[in-house]
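Only one structure is covered here, and it is reproduced in the block below.
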Number of protein chains: 2
Amino acid sequence: MNLVYDPQHHLNQPVTSADRVLLAVQQAIVEGELPAGSKITETGLAKQFNVSRAPLREALARLERCHLVERTPNAGARVVTLTYDGLIALYQIREELEGLACRLAAERMADEEIEALSKLLEQHLASQRVREGESYYQEAGDVDFHYRVILASKNQYLINMLCDELYFLVRMYRVQLGMNGPRVSRAFDEHKAIINAIANRDGELADLLMRRHISASRKNIEQKLSAHKEVS
Amino acid sequence: MNLVYDPQHHLNQPVTSADRVLLAVQQAIVEGELPAGSKITETGLAKQFNVSRAPLREALARLERCHLVERTPNAGARVVTLTYDGLIALYQIREELEGLACRLAAERMADEEIEALSKLLEQHLASQRVREGESYYQEAGDVDFHYRVILASKNQYLINMLCDELYFLVRMYRVQLGMNGPRVSRAFDEHKAIINAIANRDGELADLLMRRHISASRKNIEQKLSAHKEVS
DNA sequence: TTCTTCTTAATTGTCGACAATCTTGTGGGT
DNA sequence: ACCCACAAGATTGTCGACAATTAAGAAGAA
């Protein structure tokens, strides 16, 4: 059983080679296989993936869309560099957008969907208790929860922005800064409170709780980062 | 003097042919020259703009990014169709993101920037009083105000999302639904109140006022739309 | 007539080559 | 030694052609 979470489960399967290359490069960047800040040469990557430059350029365009590479005309593309300010900026937006998503989800989710999400949480909790501290699983669980809430908002722009554009960056920060979970049990409690608010159709509360949840996550990361700074 | 507002003043000049084609097609879609819902054939547009398909496909990818066209693999691209739900979804996001932008602007704008924006408002007010009801100018002024606030947030993701992705759609809705301004004087008052809150460094109030401002704009459009429905 | 199926045409995806641009390294001058 | 101009190399942007897939239309059966 593969525990690696597919971040694009809401999208269609990759059909074109540009799609395949995109997925591969996305993973390579998120996992750090292509180091942050490194230069990307089209010819190089094209050879590496056994495709022509045409589909690779298509993939690059989409990578730029999800903020994983930065391109300058006639000069090429670089993998983004992770910065403290960038992380803050990212989480600021997440707070607003996921708060909104949560409010909309509370208004629009079908009862069965809520039930299913609640079940999923129980499931994660059980698995987490079994594998105490196994963090990647936790991350997948967290991502999964957020994904479901976002999809439940049924706002297409919101879904695109969060799932297609921002979430790769979120995962990249998590992976490369080693955000393996201490915050596990608290995160689960917060998820639980959020799903309760949604079940009560209390959009306002769900919004507030989601913002707090993300804010807490941000503060947690900030704390880890400053600790890391002291060392280095 | 050309009153047409350049929506990408914060970006570099177009350097590649893909850039030029992108700008042209963006304008064509926003203005309705390429009708909403119509199919886009790559060969056709390529010939129309005297370029090869390669730069045109690059442009198409970016058009998809700003939600002006929808592509399906192996099937081609269509200009987006404007819907009531889409408009609501768009303004929901604008409320959140521009509210955030406004709060950040209140915290981060330099005194001189605030002064300049205030001056710009006075300028718009004067011009608007001269040409009573000339609406496109008003739109440019409104767009300009929002652009400046967004840029002042200094959050790069926010700037990209709002200025590069969503604002073309906003303009498309405005142009094609004939949102010429009745709401002129009230909009100016609201802008004035917002800049005041920013000048007082009251981020919370600036946030609230911007949300209300956009909410009012949305309700105004909703009203017009329902009136339009009664006719047709 | 209507539906299905197959053929044909049109359109998108991909490729390799060339042109335009930027980067690097060398040489000369101060 | 330092700086600037220039040339060679590498990289991106663009092009036209071919392959793969889809859409359109004709032919035939119910």
Side-chain angles (χ1 to χ4, degrees), chain A residues 8 11-29 33-81 160 164, chain B residues 8 11-26 28-29 33-81 164:
Chain A
Q8 295 199 324
L11 290 178
N12 297 332
Q13 291 273 74
V15 289
T16 166
S17 16
D19 293 340
R20 285 186 293 105
V21 173
L22 173 66
L23 286 179
V25 180
Q26 273 176 335
Q27 181 167 344
I29 291 179
E33 192 178 331
L34 288 177
S38 63
K39 187 164 192 326
I40 288 181
T41 63
E42 297 181 355
T43 320
L45 269 191
K47 276 181 184 169
Q48 192 170 331
F49 287 98
N50 277 70
V51 292
S52 169
R53 278 178 55 215
L56 186 114
R57 281 173 67 88
E58 176 91 24
L60 275 186
R62 299 193 211 166
L63 284 170
E64 188 181 25
R65 175 180 173 184
C66 53
H67 307 278
L68 290 184
V69 307
E70 290 168 351
R71 297 167 89 192
T72 49
N74 287 318
R78 308 191 78 88
V79 179
V80 292
T81 59
N160 276 333
D164 297 342
Chain B
Q8 294 200 324
L11 290 179
N12 297 332
Q13 291 274 73
V15 289
T16 165
S17 10
D19 292 340
R20 286 186 293 105
V21 173
L22 173 66
L23 287 178
V25 180
Q26 273 176 335
I29 292 179
E33 192 177 332
L34 288 176
S38 62
K39 187 164 191 324
I40 287 181
T41 63
E42 296 180 357
T43 321
L45 269 192
K47 279 181 183 168
Q48 192 169 331
F49 288 99
N50 277 69
V51 292
S52 169
R53 279 179 55 215
L56 187 114
R57 281 173 67 89
E58 175 91 25
L60 275 185
R62 299 194 210 165
L63 284 169
E64 188 181 26
R65 175 180 171 184
C66 54
H67 307 278
L68 290 184
V69 307
E70 289 168 352
R71 297 167 89 191
T72 48
N74 287 317
R78 308 191 78 88
V79 179
V80 292
T81 58
D164 297 342

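Letters A, B, ... are given to chains in the order of the sequence lines, protein chains preceding strands, and every chain is numbered from 1.
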Distance test, side-chain N/O of A:Lys39 to OP1/OP2 of D:dT12, below 4.0 Å: yes

Among C:dT14, D:dT14, D:dT12, the nucleotide that comes nearest once only the side chain of B:Arg57 is considered: C:dT14

Neighbour count above 12 (heavy atom, 6.0 Å) for A:Lys39 NZ: yes

Residues B:Glu70, B:Arg78; criterion salt bridge (charged side-chain N to carboxylate O under 4.0 Å, His left out); working and verdict: CA-CA 5 Å; B:Glu70 289 168 352; B:Arg78 308 191 78 88; over 6 Å; no

Short side-chain N/O contact from B:Thr16 to OP1 or OP2 of D:dT14, under 4.0 Å: yes

Side-chain (B:Arg71) to main-chain (B:Ala77) donor-acceptor, under 3.5 angstrom: no

Out of C:dT12, C:dC15, D:dT12, whichever nucleotide has its closest atom nearest the side chain of A:Ser52: C:dC15

A:Glu58 CD to C:dT14 P, straight-line distance once rounded to whole Å: 8 Å

Of the listed nucleotides C:dT11, D:dT12, C:dT14, the one nearest the side chain of A:Asn74: D:dT12

Spacing of B:Arg20 atom CZ relative to D:dT14 atom C1', expressed in whole Å: 11 Å

Distance, rounded to the nearest Å, where B:Leu60 contributes CG and D:dT14 contributes P: 14 Å

Comparing B:Ala75 and A:Gly76 on DNA chain D - which has the more 5′ nearest nucleotide: A:Gly76

Rounded interatomic separation in angstrom, taking CG from A:Leu22 and P from C:dT14: 12 Å

Atom pair distance, as rounded to whole Å: CG in B:Leu56 and P in C:dG13: 12 Å

From CD (B:Gln13) to CG (B:Leu23), nearest 0.5 Å: 9.0 Å

Out of C:dT12, D:dT14, C:dT14, whichever nucleotide has its closest atom nearest the side chain of A:Arg53: D:dT14

Distance, rounded to the nearest Å, where A:Glu42 contributes CD and C:dT21 contributes P: 16 Å

Distance, rounded to the nearest Å, where B:Arg78 contributes CZ and C:dT11 contributes P: 13 Å

Touch class at under 4.0 angstrom, heavy-atom based, for B:Ile40 against every strand present: sugar-phosphate

Derivation and outcome, salt bridge (charged side-chain N to carboxylate O under 4.0 Å, His left out), residues A:Arg62 and A:Asp164: CA-CA 9 Å; A:Arg62 299 193 211 166; A:Asp164 297 342; over 6 Å; no

Separation of atom NZ in B:Lys47 from atom C1' in C:dT11, rounded to whole Å: 12 Å

